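Got a structure for you, written out below as structure tokens; questions coming shortly.
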Amino acid sequence: MATIHIAGEPRFGGLYQDCARCGHVFQDYTGGEVMTLEEDAGLGIPYWTVGNRIAVNGNASWNIPDGEPLEDDETECRPTS
Ligand SMILES: [Zn+2]
């Protein structure tokens, strides 16, 4: 069972990225000390391309091409607001 998210704007050079729709956190390497880091510090950390559809199933995540229909076990995430 995979949930489809939308990659949001990466922050702090890719240390932090969440879903633009529901806020699901894709990655967070900030250790909770977000405010000590400058935006786009150029750390070379890989992150999802903004606006891409990202399937998440447990610890696994992968990119889904635009326009590709969902599999039976895939559902879109729901906006939180
Ligand atoms: Zn989401």
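These values consider heavy atoms only, across backbone and side chains, with no hydrogens, waters or symmetry-generated copies. All values reported here derive from a predicted model rather than from experimental measurement. Whatever order the structure lists ligands and atoms in, that order sets their numbers, starting from 1.
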side-chain hydrogen bond (donor to acceptor under 3.5 Å, both in side chains): which pairs involve residues 48-57, sequence neighbours left out?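 Residue pairs passing side-chain hydrogen bond (donor to acceptor under 3.5 Å, both in side chains), neighbours aside: N52-N63.
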H24 vs I54 side-chain heavy atoms within contact, under 4.5 Å: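 A side-chain contact under 4.5 Å is absent here.
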Hey, are the side chains of F26 and V56 touching, using non-hydrogen atoms and a 4.5 Å cut-off?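 A side-chain contact exists here, since the closest heavy-atom pair is under 4.5 Å.
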Any donor-acceptor pair under 3.5 Å linking the side chain of E68 with the backbone of P65?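 Checked: no pair found.
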Please give me the protein atoms (N, O or S only) lying under 2.8 Å from the Zn ion (ligand 1), ordered by chain and number.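 For the Zn ion (ligand 1), the protein N, O and S atoms that sit under 2.8 Å away are H5 ND1, C19 SG, C22 SG, C77 SG.
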Run the salt bridge (Lys or Arg N to Asp or Glu O under 4.0 Å) test against E9 and tell me which residues pass, sequence neighbours left out.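 Salt bridge (Lys or Arg N to Asp or Glu O under 4.0 Å) check on E9 returns nothing, list empty.
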Tell me who clusters with V50, hydrophobic residues only, linked when side chains sit under 4.5 Å apart either directly or through other members.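 Hydrophobic cluster check, V50: no partners found.
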